[in-house]
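Let me begin by presenting the structure, written as C-alpha cells, before commenting on it.
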Amino acid sequence: MKKVITYGTFDLFHEGHRRLLQRAKKLGDYLVVGVTTDNYDESRGKLNVQQSLMERIKNVKDSGLADQIIIEEYEGQKINDIQKYNIDIFAIGSDWIGKFDYIKEYCEVIYLERTKGISSTQLRAVNNGMLKLGIVGYGRIANRFIRESKYVSGVNVEGVYGPNLNSLKKFVNKHELAFYETNYDIFLEQIDAVYIASPHLTHYEYSNKALEKGKHVLCEKPMVLKMDQVEKLYSKAKNKGVVLLEAIKTAYSPGFIRLISLAKSGLIGDIKNIDATFTKLVKGDIRELDALAAGGSVTELASYPLLVIVKLLGSQFEDYNFYSYYDDEKNVDLFTKINLKYKDAIATAKVGLGVKSEGDLIISGTKGYIYVPSPWWKTEYFEVRFEDFSNNKKQYHKFEGDGLRYELAEFVSIINSKNLQTYKLTSTESCMIAKVIENFRSGINVIKI
Ligand code: CTP
C-alpha cells in the first residue's frame, strides 16, 4: 500500500484545498492529512487564522478525502510522522517548492500545482473586509510597526498623521503609503482604525478624538499617565462599540501567554513574590530623558514589569513605594524600584534608563519558581524550577521579529470577532498600570536616593 501525507492549516476550506487533497490522494492508496495547531501556526508567524483547530479538522474530514487526520504541533514533526506512519510520498502545494527538499532523504517529495486565484488569506479578507489603519506619528516605533504589519493579514496601513509635513512626506515615500495628513479630523475620516505612536502626552487627545469618531484605537504604552483618563477612554470605546487596546507587545506574545497560564495553574504553588526588571541605557537630548515630554524610567519602561505583576497578582495592591535615583538637573528618574504590596504577595519592578541591570523575571511560589532570563519580555524561554531539580521543566517559544505583529494581530482579531475586548490585556489591567505610573508622577511615597 502506497501512503501519502500532506499538511496545511485548512482555514475556511476552499476549492484550492479540495483540489490539492484530491490530487494527493490519487498519488497513492491512503492519504494522511496533518492539520496545524493554533500554537504552531502562531509560532511560524501565521497569525489571524479564523477557524479553530476542531473546525479545521472537520473541514478536512467533511471533504471525505482523508483516510487519516493527524495534528501538526511543532517544527520538525514531518520527519517523525513520515517514519512513524511509513509514508511513501510527501505532497504539498507549489507555493512551497524547494522548501521541503530535505524530506527527500525519507520519502518521495511531490509539489502539486497550486490552484490559482484562491486562498484562505483572500477569503478572510472578503469575510472581514480589509481594515484600513492609520498611524499617528512617524518615529522609530512607527517605522517598526509598519514592517511588522506585513505579517498580519486583514489589515493595511493606509496613511499617517503628524504635525511635520517634511517628516510625513518622507515617511509616506519610504513605506509607500496611500496618504499623509496634517489635519487629524480629515485623517480619521479616511480610516477604520488608528495606531497611536506619538509622544506620551499626546495619547489621550488623539485616542479620545478617534474613539469619539467611532474608530478603533491601538495606543502605544503607556496609554495615558492618569487612571481616570484610561477609564474615560475605555468607557468611550464601550459606548461607541469600538476596540481600545494598549500596545504592550509582551501581553500578546505566545510565550508570555503560556507563562502566565502556567504560573496561574498552581504548578509553583501560591505566588508570593515577583521580581521583574527592564533597563535600557540611553543618553543625550532625547524624549526619554525630557521631563517636559513625561520622560523617565517609570513612564518609559514600567509598563512591561507592571504587566506581569497585574496579570499574576491583580490590580488591588494595598501599599506601594518607589525608591528612585533622579537626574536632578533634568528632573527625570534614571532608575526606580517600584515595590507593591498585595494582601498575600509582594512584587518589585525595577526600571532604568541610566542604570543597567539584568533584565530577568522571577516568579516565586510556595512550591517552586519560574525563571525567565533576559529579555524576559520576549518570553522565548523559561524554566520552572523546584527544590528537587529533577522535576524542573523548560519551555521554548517563538517571538518573531519585533513582536509588534502579535499586538496588531490581536487588535484585528477582536475587531473582526465583534468581541471588542481580550483577556490578554483587559481595561482593568491597563488602569492598574496607569495608576502606578500616576502615583509615581504625583510624588507620593517616592523616596529619592
Ligand atoms: N493550496 C493549494 N491551492 C490554493 C491554496 C492552498 O493547492 N489555492 C494548498 C497549499 O499549497 C497547501 C494546502 O493547500 O499544500 C494547505 O494550505 P493552507 O496554507 O492551509 O491554505 P492557504 O489558502 O494557502 O492559506 P493561507 O492563505 O492562510 O496561507
Side-chain angles (χ1 to χ4, degrees), residues 1-14 16-25 27-93 95-96 99-100 102-103 105-112 114 119-121 123-124 151 153 252-259 261-262 265 379-381 393-400 406 409-410 413 417:
M1 184 169 69
K2 223 179 199 179
K3 286 177 102 177
V4 184
I5 198 163
T6 189
Y7 294 86
T9 307
F10 302 105
D11 191 25
L12 307 173
F13 201 83
H14 54 68
H17 293 141
R18 181 181 316 282
R19 289 196 60 238
L20 182 110
L21 294 184
Q22 272 165 350
R23 285 171 294 153
K25 193 171 169 82
L27 295 171
D29 314 297
Y30 189 86
L31 178 64
V32 182
V33 180
V35 182
T36 51
T37 63
D38 298 345
N39 251 331
Y40 180 50
D41 272 327
E42 251 180 36
S43 76
R44 65 194 184 118
K46 192 161 183 164
L47 306 171
N48 283 348
V49 171
Q50 205 168 307
Q51 292 185 302
S52 69
L53 174 62
M54 298 307 281
E55 287 170 310
R56 293 183 287 112
I57 290 174
K58 188 169 181 303
N59 294 342
V60 174
K61 192 163 176 243
D62 290 350
S63 76
L65 293 161
D67 296 292
Q68 186 176 355
I69 298 174
I70 60 169
I71 290 171
E72 186 184 24
E73 291 179 274
Y74 60 91
E75 205 165 342
Q77 184 183 320
K78 292 185 179 76
I79 291 176
N80 289 347
D81 290 342
I82 285 161
Q83 296 175 96
K84 185 167 149 192
Y85 299 108
N86 287 316
I87 298 296
D88 302 287
I89 298 172
F90 170 88
I92 197 93
D95 42 330
W96 295 99
K99 299 252 171 55
F100 290 108
Y102 69 90
I103 287 176
E105 204 182 317
Y106 302 91
C107 69
E108 195 182 339
V109 173
I110 297 180
Y111 297 102
L112 297 166
R114 194 177 152 91
S119 73
S120 304
T121 306
L123 290 178
R124 284 191 290 263
Y151 295 92
S153 58
Y252 313 100
S253 70
F256 183 76
I257 293 163
R258 293 290 282 270
L259 168 80
S261 50
L262 202 135
S265 74
T379 332
E380 285 177 294
Y381 166 73
K393 292 177 182 24
K394 296 176 181 174
Q395 277 204 16
Y396 300 85
H397 298 276
K398 276 257 176 80
F399 185 90
E400 299 281 359
Y406 300 116
E410 188 66 14
S413 155
S417 73

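Source: prediction; values computed, not measured. Along the sequence shown, residues are numbered consecutively beginning with 1. The analysis underlying the following values was restricted to heavy atoms, covering all of them including side chains, and did not include hydrogens, waters or symmetry mates.
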(message) I'd like to check His397 versus Thr379 (side-chain heavy atoms, cut-off strictly below 4.5 Å). Are they in contact?
(response) no
(request) Carefully, step by step, assess Asp62 and Phe13 under the rule side-chain contact (heavy atoms from CB on, under 4.5 Å). (result) CA-CA 10 Å; Asp62 290 350; Phe13 201 83; over 6 Å; no
(request) Would you confirm whether Gln51, through its side chain, and Leu12, through its main-chain N or O, come within 3.5 Å as a donor-acceptor pair? (result) yes
(request) Might you point out which heavy atoms bring Asp38 and Leu53 nearest each other, and give the distance in Å? (result) OD1-N, 4.0 Å
(message) For a 4.5 angstrom cut-off between non-hydrogen side-chain atoms, does Asn39 reach Arg258?
(response) yes
(message) For the CD1 atom of Ile82 and the SG atom of Cys107, what is their distance to the nearest 0.5 Å?
(response) 4.0 Å
(message) Taking Thr36's backbone N and O only, do any of them form a donor-acceptor pair with Thr9's side chain (distance below 3.5 Å, no angle check)?
(response) no
(message) More than 12 heavy atoms of other residues, nucleotides or ligands under 6.0 Å from NZ of Lys398: yes or no?
(response) yes
(request) Kindly compute the distance separating CG (Asp29) from NZ (Lys3), expressed to the nearest 0.5 Å. (result) 10.5 Å
(request) Report yes if some heavy atom in the side chain of Glu75 is under 4.5 Å from a heavy atom in the side chain of Tyr40; otherwise report no. (result) yes
(message) Is the positively charged end of Lys78 above the ring of Phe90, judged by distance under 6.0 angstrom from the centroid and angle within 45° of the axis?
(response) no
(message) Working note: Ser119 + Arg114, criterion side-chain contact (heavy atoms from CB on, under 4.5 Å); need CA distance, chi angles, decisive distance, verdict.
(response) CA-CA 10 Å; Ser119 73; Arg114 194 177 152 91; 3.4 Å; yes
(request) Answer whether the closest heavy-atom distance between the side chains of Leu65 and Val33 falls below 4.5 Å. (result) no
(message) Which residues pass the ring-ring contact (aromatic ring centres under 6.0 Å, His included) test with Phe399, not counting sequence neighbours?
(response) Tyr406
(request) Return yes if some donor-acceptor pair links the side-chain N/O of Asp11 with the main-chain N/O of Ser120 below 3.5 Å, else return no. (result) no
(request) Check the pair Ile70, Ile5 against side-chain contact (heavy atoms from CB on, under 4.5 Å), reporting the backbone distance first and the verdict last. (result) CA-CA 10 Å; Ile70 60 169; Ile5 198 163; 4.1 Å; yes
(message) On a heavy-atom basis, which atom in Leu112 and which in Arg23 lie closest, and how many Å separate them?
(response) CB-NH1, 4.0 Å
(message) Angle between ring planes, His14 versus His17, binned at 30° and 60°: parallel, tilted or perpendicular?
(response) parallel
(message) Any salt bridge linking Asp88 with Lys2? Criterion: basic side-chain nitrogen under 4.0 Å from a carboxylate oxygen.
(response) no
(request) Taking all non-hydrogen atoms of both residues into account, name the closest pair between Asp81 and Tyr7 and its distance. (result) OD2-OH, 2.7 Å
(request) Taking the side chain as every heavy atom from C-beta outward, state whether Arg56 and Ile69 have any atom pair closer than 4.5 Å. (result) no
(message) Tell me if the CZ atom of Phe100 is crowded by more than 12 foreign heavy atoms within 6.0 Å.
(response) yes
(request) Using a cut-off of 6.0 Å, state whether more than 12 heavy atoms not belonging to Met54 lie near its atom CE. (result) no
(request) For Ile79 and Tyr102, work out which heavy atoms get closest and say how close. (result) CD1-CE1, 3.7 Å
(message) Once rounded to the nearest 0.5 Å, what's the spacing between atom OG1 of Thr37 and atom CD1 of Ile71?
(response) 8.0 Å
(request) Could you tell me the separation between the CZ atom of Arg19 and the OG atom of Ser63, rounded to the nearest 0.5 Å? (result) 14.5 Å
(message) With rounding to the nearest 0.5 angstrom, report the CG to CZ distance, Leu20 to Phe10.
(response) 6.5 Å
(message) Let me confirm one number: the CD-CG distance from Gln22 to Leu31, rounded to the nearest 0.5 Å.
(response) 11.0 Å
(message) Pairing donors with acceptors under 3.5 angstrom, does anything connect the side chains of Gln83 and Tyr106?
(response) no
(message) Measuring only between side-chain heavy atoms, which start at C-beta, is Asp67 closer than 4.5 Å to Lys25?
(response) yes
(request) Assess whether side-chain contact (heavy atoms from CB on, under 4.5 Å) is satisfied between Leu262 and Gln395, documenting all intermediate values. (result) CA-CA 11 Å; Leu262 202 135; Gln395 277 204 16; 3.2 Å; yes
